[in-house]
Amino acid sequence: MSVAFDITQDGASDNEQSLKAHYLKSLRMIERLHRLLLDVIKDEFERLGRSEVNSVQALLLYNIGDAELTAGELRSRGYYLGSNVSYNLKKLVDAGYIHHERSSTDRRSVRVRLTEKGKEVCDVVNNLYERQLGSLEQVGGISGECLDSLNQSLLRMERFWSDQIRYRL
């Protein structure tokens, strides 16, 4: 645990300290879970003997799916940071996983979609998720109701953080 997360404010009430502890724990969990998801995806590709893409790229291909998008749309949907998505899109285009073409209306904009090779990677991630769904409740003890509650909390956190940026709170 980071020392920065352990600093307590003098004069803060027990309730404020408790809320702070819960908030910081949630932040660490969000970050840790994302890294763990990437490790699960990496492990799946290694298990299948497929090392042609990394877990970030596989997740990017999965999130594109059947859509045709711009890099800006991927960023605005909150999937990726700007330089990260641009770098990975270029690598995936070069490797033949993504087809790209300039927009006919705005020549500065490039639209991307998966090639057959990209769809195969997307299918690997989808099959992983499907397999996990089969044991999520029995093995993981996570029901649909638990996921609904988690998703509601995460949406509220997203809205809170978006408002922090938008309104400079």
Side-chain angles (χ1 to χ4, degrees), residues 1-6 21-101 109-159 161-162:
M1 184 175 346
S2 170
V3 174
F5 285 125
D6 292 335
H22 291 298
Y23 180 63
L24 295 177
K25 182 178 180 179
S26 295
L27 295 178
R28 287 190 299 272
M29 286 298 301
I30 291 167
E31 199 175 356
R32 192 165 70 211
L33 285 171
H34 179 67
R35 284 193 307 269
L36 192 54
L37 171 63
L38 294 175
D39 287 344
V40 167
I41 293 170
K42 177 181 178 258
D43 183 64
E44 179 71 3
F45 278 86
E46 287 176 354
R47 190 179 67 73
L48 296 172
R50 298 183 71 171
S51 59
E52 68 271 16
V53 296
N54 65 39
S55 55
V56 171
Q57 292 166 340
L59 195 55
L60 176 61
L61 292 169
Y62 177 80
N63 285 324
I64 293 171
D66 292 330
E68 185 174 304
L69 306 163
T70 66
E73 288 170 326
L74 283 167
R75 282 190 301 269
S76 68
R77 291 177 185 195
Y79 293 138
Y80 304 94
L81 299 175
S83 60
N84 186 20
V85 74
S86 297
Y87 170 81
N88 282 306
L89 283 175
K90 181 179 180 340
K91 290 288 190 187
L92 291 167
V93 167
D94 292 345
Y97 293 95
I98 291 179
H99 175 74
H100 76 292
E101 63 184 73
S109 177
V110 176
R111 302 203 57 81
V112 299
R113 69 177 182 279
L114 301 186
T115 62
E116 285 305 313
K117 196 174 171 183
K119 289 177 184 177
E120 290 174 14
V121 171
C122 183
D123 288 342
V124 169
V125 176
N126 187 58
N127 291 338
L128 168 65
Y129 290 166
E130 289 293 328
R131 194 174 70 245
Q132 289 176 338
L133 282 171
S135 62
L136 188 64
E137 192 162 8
Q138 297 82 2
V139 177
I142 303 169
S143 67
E145 292 171 356
C146 289
L147 290 173
D148 283 342
S149 178
L150 172 64
N151 290 336
Q152 286 177 349
S153 295
L154 290 172
L155 281 171
R156 285 188 200 114
M157 185 68 79
E158 179 184 33
R159 201 172 313 124
W161 284 343
S162 294

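Considering CG of Leu61 and CD1 of Ile98, their distance stands at 5.0 Å, rounded to 0.5 Å. Atoms CG and CZ, from Leu69 and Arg113 in turn, are 11.5 Å apart once rounded to the nearest 0.5 Å. Atom OH of Tyr62 and atom CG of Leu114 lie 12.0 Å apart (nearest 0.5 Å). Atom CD1 in Ile142 sits 10.0 Å away from atom CD in Gln132 (nearest 0.5 Å).
When the side-chain contact (heavy atoms from CB on, under 4.5 Å) test is applied to Leu133, the partners found at least two apart in sequence or on another chain are Glu130, Leu136. Residues satisfying the ring-ring contact (aromatic ring centres under 6.0 Å, His included) criterion with Phe45, sequence neighbours excluded, are absent altogether. Applying the side-chain contact (heavy atoms from CB on, under 4.5 Å) rule to Ser162 yields the partners Glu158, Arg166; only residues at least two apart in sequence or on another chain are considered. In this view, Tyr23 satisfies the ring-ring contact (aromatic ring centres under 6.0 Å, His included) rule with no residue, not counting sequence neighbours. Leu37 meets the side-chain contact (heavy atoms from CB on, under 4.5 Å) test with Ile41, Leu59, Tyr129; sequence neighbours excluded. Remark: Glu68 pairs with Arg111 by the side chain to side chain donor-acceptor pair (under 3.5 Å) rule, at least two apart or across chains. Remark: Lys90 engages Asp94 in a side chain to side chain donor-acceptor pair (under 3.5 Å) (not counting sequence neighbours). Evaluation of the side chain to side chain donor-acceptor pair (under 3.5 Å) rule for His99 yields Glu101 as partners, not counting sequence neighbours.
Sorted by first then second residue, the ring pair (Phe, Tyr, Trp, His ring centres under 6.0 Å) pairs that include residues 135-156, not counting sequence neighbours, number zero. Sorted pairs that involve residues 54-63 and meet salt bridge (Lys or Arg N to Asp or Glu O under 4.0 Å), not counting sequence neighbours, are lacking altogether. Screening residues 38-51 for side chain to side chain donor-acceptor pair (under 3.5 Å) gives Lys42-Glu46, Glu44-Arg47, Glu44-Arg131, Arg50-Glu52 as the qualifying pairs, with residues at least two apart or on separate chains. Listed by first and then second residue, the side chain to side chain donor-acceptor pair (under 3.5 Å) pairs that reach into residues 148-157 come to none, sequence neighbours excluded.
Using a 4.5 Å cut-off on side-chain heavy atoms (C-beta onward), Thr70 and Val112 make no contact. Residues Val53 and Val124 form no side-chain contact, since every pair of their non-hydrogen atoms from C-beta on lies 4.5 Å or further apart.
Put simply, the side chain of Gln57 gets close to the backbone of Asn54: a donor and an acceptor are under 3.5 Å apart. Side-chain atoms of Thr115 come within 3.5 Å of backbone atoms of Gly96 as a donor-acceptor pair (strictly under, hydrogens ignored). Side chain of Ser135 to backbone of Gln138: no donor-acceptor contact under 3.5 angstrom is found.
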- request: Check the pair Lys119 / Glu116 against salt bridge (Lys or Arg N to Asp or Glu O under 4.0 Å), numbers first and verdict last.
  value: CA-CA 5 Å; Lys119 289 177 184 177; Glu116 285 305 313; 3.7 Å; yes
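Ion pairing of Glu120 with Lys117 is absent here, as no side-chain N (NZ or NE/NH1/NH2) approaches a carboxylate O to less than 4.0 Å.
Across all non-hydrogen atoms, the minimal contact from Gly65 to Cys122 is CA-SG, 4.1 Å.
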